[in-house]
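Reading through the structure tokens given below for one structure.
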Number of protein chains: 2
Amino acid sequence: MNSSHFSISLHILTLLDQVKGQLLNSEYIAGSINCNPVLVRKELANLHKHGFVQSKEGKGGGSTLAKSPADINLGDVYWAVKQKKLLGESKNEPNPNCPVGRQITQHLNDLYDEAETALVKSLSAKTLKDFSASFK
Amino acid sequence: MNSSHFSISLHILTLLDQVKGQLLNSEYIAGSINCNPVLVRKELANLHKHGFVQSKEGKGGGSTLAKSPADINLGDVYWAVKQKKLLGESKNEPNPNCPVGRQITQHLNDLYDEAETALVKSLSAKTLKDFSASFK
DNA sequence: TGTTCTGTAATAAAAATAGTTACAGTATGA
DNA sequence: TCATACTGTAACTATTTTTATTACAGAACA
């Protein structure tokens, strides 16, 4: 991963949990995150695609959690939100004429996959309920 | 982390290991990575600062490993190379007037620190020697 | 003493990320 | 039924981050 997708998504999910089923609209959420409402709606669209939230269109609409916070673990959020490699290359086209260049992409990918698995395992130890409960 | 610092550094270290003590110059290394030699020199400067490589200036100069590849573990490389948060925010200034916004940065940081620790533990299981040995 | 490197700074180009504007479609309720 | 307030999404712009380029002082070598 990278960027702030995970942070923003978890922020959204936490807010939705804190209001216990109340619908929150993208402008309110954006106000808490301090970002653009369209960015929130995009993030919500992704969370919706992965079954974490439900949205209601139209006047008085907004979003709410689609399942119990105890059933949302942060490792699953990670996978849902992930858009690109955790550790990795923006550009990466090593020289195929060099023995190291030719093979390194595969070896790095293997290494990163292992490392990412360890990271997700750590995240998976916590649910949204746990995370949200740490807010006073 | 993020970006390609880790990939590039590990690529450099692998090349240096493969040539067993021979000096490699930044242009050669850049040729294998397929990037700019100045980028390699900056990355080498950082690796040098952390004691992984030695460099020799002047004609016929170049770089070589400063310690045995068996004594370079990939977790240490990770820390040396890390320049910013693994999972995190480019911009992140949540609303201090919102209970969630006010506390989330700290909670996210705690979460990320744990996850990063798990990731580094995984990386630390391998040395440069191990990694380099997987190249045929 | 000319050549070939490193080290580093300053700048430019390219890529990625976030913000903005715009608008069709949906639900609500007066 | 019509004004209002949302979502969903696209197109575009601005900003930030990353990478490449140029430049040059200083070091080592032949």
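First the proteins, then the strands, lettered A, B, ... as listed; each starts at 1. Quantities reported herein were computed from a predicted structural model and do not represent experimental measurements.
- Each of A:I8 and A:G58 was assigned the nucleotide of DNA chain C with the nearest heavy atom; the assignment lying further toward the 5' end belongs to A:I8.
- Note: CD (A:E93) to P (C:dA14) measures 15 Å, nearest angstrom.
- For the residue pair B:S122 and A:E114, no side-chain donor N or O sits within less than 3.5 Å of a side-chain acceptor on the partner.
- The CG atom of A:L47 sits 8.5 Å away from atom CD1 of A:I72, with the distance rounded to the nearest 0.5 Å.
- The closest donor-acceptor contact from the side chain of B:N34 to the backbone of B:G31 lies at 3.5 Å or more, if one exists at all.
- Taken residue by residue, residues 36-46 of chain B places heavy atoms nearer than 4.0 Å to DNA chain D at B:N36, B:V38, B:L39, B:R41.
- Summarising the geometry, the separation between CD on A:E57 and P on C:dG25 is reported as 11 Å, rounded to the nearest angstrom.
- Straight-line distance from the CG atom of A:N25 to the P atom of D:dT4: 18 Å, rounded to whole Å.
- The shortest distance between the side-chain N/O atoms of B:K56 and the OP1/OP2 oxygens of D:dC29 is below 4.0 Å.
- Nucleotide D:dT18 holds its C1' atom 8 Å from the NE2 atom of B:H5, rounded to whole Å.
- The interatomic distance linking A:I29 (CD1) with D:dT7 (C1') rounds to 12 Å, in whole Å.
- Between A:F131 and A:F135, the angle of the ring planes goes over 60°, which puts this pair in the perpendicular group of the 30/60° scheme.
- If you take CG of A:L47 and P of D:dT9, they are 13 Å apart, rounded to a whole angstrom.
- The nearest pair of heavy atoms linking B:T64 to B:L16 is C-CD1, 4.0 Å.
- Side-chain contact check for B:Q54 and B:H48: no donor-acceptor pair (N or O, by modelled atom type) lies under 3.5 Å.
- As a whole-Å value, the separation of A:F6 CZ from C:dA18 C1' is 20 Å.
- Looking at A:D130, its side chain does come within 3.5 Å of a backbone N or O of A:T127 through a donor-acceptor pair.
- Note on B:S26: only backbone sugar-phosphate atoms sit closer than 4.0 angstrom, heavy atoms only; bases stay farther off.
- Between the C1' atom of C:dA27 and the NZ atom of A:K59 lies a distance of 10 Å, rounded to the nearest Å.
- Of the side-chain N and O atoms in B:S4, one or more sit less than 4.0 angstrom from OP1 or OP2 of D:dT19.
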